[in-house]
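Before any comments, here is the structure.
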Amino acid sequence: MKGCVFEIREFCVHDGPGVRTTVFFKGCPLRCLWCQNPEGLAFEPELLVNDRPCIDCGNCRRVCSNLEQCAAACPTGRKRLAGIWMEAADLASRLRRDREFFADSGGGVTFSGGEPLARPEFLFEVCSELSGIHKAIETSGFASSGVYAEMLRNVDLVFQDLKHSDPARHRQLTGQDNLPILKNLELLKQSEKPFVARIPLIPGANADAANLRGCAALLAGASNLLEVQLLPYNPAAPAKYRSTGRNFTLDLPDEPVPYEEFRNLFLANGLPCSVL
C-alpha cells in the first residue's frame with residue numbers, strides 16, 4: 001500500500017501531547033480559499049518553483065521526465081519536489097525508530113495534510129504497524145461515516161477542524177458541503193475518543209461572532225472535548241501559492257481579529273478555549 005507524503009516534521013509540540021513527529025499526507029478534497037498548505041492539495045507529487053532567478057543551465061531539461069531528478073538537478077534550489085510515494089511499511093518503520101523518544105516525552109505520531117482520511121487504506125495500514133505508539137490525527141472530517149468510524153478505532157486523539165458552521169458559507173469557502181463533516185462530528189461526540197476542536201480564524205471569511213456561536217452550538221454537550229483551539233492565520237501563507245502555480249484569490253482585509261473576545265464566547269458556553 002502506497003501513499004503520497006509531502007513532509008515529515010519532527011520535534012512538533014503543538015500537534016498533541018509530548019514531542020511528536022507529524023506526517024503530512026498529500027491530497028485534499030476541500031479547496032479552502034485560505035489553505036496554508038497549497039502544496040498539499042494535489043494527490044500526486046508536484047514540482048514547486050520559487051522566485052529565485054533561473055540561470056538557464058539546462059540541467060532540468062535533461063531530466064524533465066522525472067520530477068525528483070529535475071528538482072535535484074537545479075543548482076540554485078529554485079525547484080523543489082513536493083510529495084514522494086511511500087510504502088506504508090516503510091513509513092511505519094521510519095516512525096518506529098523514535099519509539100523510545102516518544103515514550104520518554106509522552107509524545108507520538110500525528111497525521112495531518114492535506115487530508116489524511118482521503119487515503120484511508122494507507123493511513124490505517126500505517127496505524128496498524130505503530131502498535132504502542134500514541135497516534136493523533138488532524139482532519140477536516142470530510143469523509144464517509146464508515147471511514148471516520150474506522151479512524152476512531154485506529155487513533156488515540158482527534159484534532160477536528162471546523163471551517164464554518166453555516167452550510168452555504170462552508171460551500172463557498174471550501175468548495176464542499178459540510179453535511180458529511182457535521183455527521184462525523186456527531187459520531188465523534190458520541191464516541192469516547194478525546195478530541196480537540198480547531199478553528200482557523202480567517203479575516204473576512206469565518207472570523208466573526210455569528211460563525212463562532214454556531215461552532216459553539218455544534219460542540220455543545222461533547223463530554224470528550226478537551227479544548228477548542230483558535231488558530232490565527234499566517235499572513236505569509238499566500239506567498240506559497242506562486243511556487244505551486246496556483247492563485248490566492250481570497251481578499252484578506254487588514255483588520256485585527258478580536259481573539260480574546262472570541263475566546264470568551266466559547267468560555268461563556270462552558271467550552272474550554274485557547275488561542276494558539
Side-chain angles (χ1 to χ4, degrees), residues 9 11-24 30 32 34-37 102 105-113 115-117 133-143 148-149 151-166 170 174 178 181-203 205-234 256-276:
R9 188 180 301 167
F11 304 107
C12 298
V13 295
H14 295 297
D15 295 332
V19 181
R20 312 185 69 80
T21 295
T22 301
V23 181
F24 293 85
L30 302 184
C32 303
W34 59 81
C35 180
Q36 299 192 76
N37 291 322
F102 295 147
S105 71
V109 174
T110 300
F111 301 105
S112 187
E115 173 50 66
L117 293 185
I133 296 176
H134 186 277
K135 294 173 285 291
I137 188 170
E138 180 165 16
T139 175
S140 69
F142 190 84
Y148 198 89
M151 176 272 290
L152 291 175
R153 289 189 284 268
N154 276 271
V155 304
D156 303 293
L157 173 66
V158 177
F159 289 94
Q160 174 62 58
D161 292 350
L162 293 177
K163 315 295 187 182
H164 208 287
S165 56
D166 178 75
H170 190 280
T174 73
N178 67 351
I181 296 170
L182 298 183
K183 286 183 176 179
N184 288 332
L185 178 60
E186 287 305 308
L187 278 179
L188 178 59
K189 290 169 61 178
Q190 292 166 16
S191 75
E192 296 181 356
K193 195 68 61 177
F195 79 99
V196 174
R198 282 185 162 174
I199 305 174
L201 294 181
I202 318 301
N206 70 346
D208 60 82
N211 171 49
L212 297 180
R213 280 193 293 269
C215 291
L218 292 173
L219 296 170
S223 61
N224 51 338
L225 173 66
L226 301 179
E227 186 180 38
V228 178
Q229 294 179 348
L230 305 180
L231 310 181
Y233 187 66
N234 178 7
V257 175
Y259 295 110
E260 196 60 26
E261 174 186 328
F262 291 157
R263 176 175 174 270
N264 288 333
L265 184 153
F266 287 95
L267 293 177
N269 283 273
L271 302 171
C273 183
S274 65
V275 179
L276 288 191

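Within the 4.5 Å cutoff, no side-chain heavy atoms of V196 are placed close to those of V158. Counting only heavy atoms from C-beta outward, the side chains of V275 and L201 never approach each other to under 4.5 Å. Side-chain contact between L265 and R213: present, with at least one pair of heavy atoms (C-beta onward) separated by less than 4.5 Å. No side-chain heavy atom of C273 sits less than 4.5 Å from a side-chain heavy atom of F262. At least one side-chain heavy atom of Y148 sits under 4.5 Å from a side-chain heavy atom of L188. By the 4.5 Å heavy-atom criterion applied to side chains, F142 and L117 are not counted as neighbours. For the pair R9 and T21, the minimum side-chain heavy-atom distance is 4.5 Å or more. Two residues are said to be in side-chain contact when any heavy atoms from C-beta on lie closer than 4.5 Å; E138 and Q160 fail this criterion.
Heavy-atom minimum distance, A210 versus S165: O-OG, 4.5 Å. When all heavy atoms of V109 and F102 are compared, the closest pair comes out as CG2-CE1, 3.8 Å. Among all heavy-atom pairs drawn from C215 and I199, the shortest one is CB-CD1, 3.9 Å. Counting all heavy atoms, side chain and backbone alike, A222 lies closest to K189 at CB-CG, 3.8 Å. Smallest separation of non-hydrogen atoms from L267 and P272: CD2-CA, 4.1 Å. Residues L162 and P200 approach most closely at O-CD, 3.4 Å, considering heavy atoms.
Formation of a donor-acceptor pair under 3.5 Å by the N269 side chain with backbone atoms of A220 is not found in this model. For the pair Y259 (side chain) and L276 (backbone), a donor-acceptor distance under 3.5 Å is absent. Listed for the N211 side chain is a donor-acceptor partner under 3.5 Å among the backbone atoms of N206. Remark: the backbone N or O of A143 is paired with a side-chain donor or acceptor of N184 at under 3.5 angstrom. Panel note: side chain D156, backbone K135; a donor-acceptor pair is recorded below 3.5 Å. Without hydrogens or angle criteria, N178 side chain to H170 main chain gives no donor-acceptor distance under 3.5 Å. Judged purely by atom type and a 3.5 angstrom limit, Q36 uses its side chain to pair as donor or acceptor with the backbone of N234. Checking side-chain atoms of R20 against main-chain N and O of C12 turns up no donor-acceptor pair under 3.5 Å.
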side-chain contact (heavy atoms from CB on, under 4.5 Å) between F24 and T110, intermediate numbers included:
CA-CA 9 Å; F24 293 85; T110 300; over 6 Å; no
E192/N224 under side-chain contact (heavy atoms from CB on, under 4.5 Å): CA gap, chis, key distance, verdict
CA-CA 6 Å; E192 296 181 356; N224 51 338; 5.9 Å; no
Could you go through K163 and W34, starting from their C-alpha distance and side-chain angles, then the distance that decides it, and tell me whether this counts as side-chain contact (heavy atoms from CB on, under 4.5 Å)?
CA-CA 10 Å; K163 315 295 187 182; W34 59 81; 4.0 Å; yes
What's the verdict on side-chain contact (heavy atoms from CB on, under 4.5 Å) for L212 and F266, showing C-alpha distance, side-chain angles and the deciding distance?
CA-CA 8 Å; L212 297 180; F266 287 95; 4.1 Å; yes
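Distance check: F195 CZ to I137 CD1 gives 14.5 Å after rounding to the nearest 0.5 Å. The CG atom of D208 lies 11.5 Å from the CD1 atom of I202; values are rounded to the nearest 0.5 Å. Summarising the geometry, atom CG belonging to L218 is positioned 10.5 Å from atom CG belonging to L271; distances are rounded to the nearest 0.5 Å.
In this structure, D15 pairs ionically with R198, as a charged nitrogen and a carboxylate oxygen lie closer than 4.0 Å.
The one candidate from E227, Q229, R263 that meets the side chain to side chain donor-acceptor pair (under 3.5 Å) condition with S274 is E227.
Around atom NZ of K183, no more than 12 heavy atoms belonging to other residues, nucleotides or ligands sit under 6.0 Å away.
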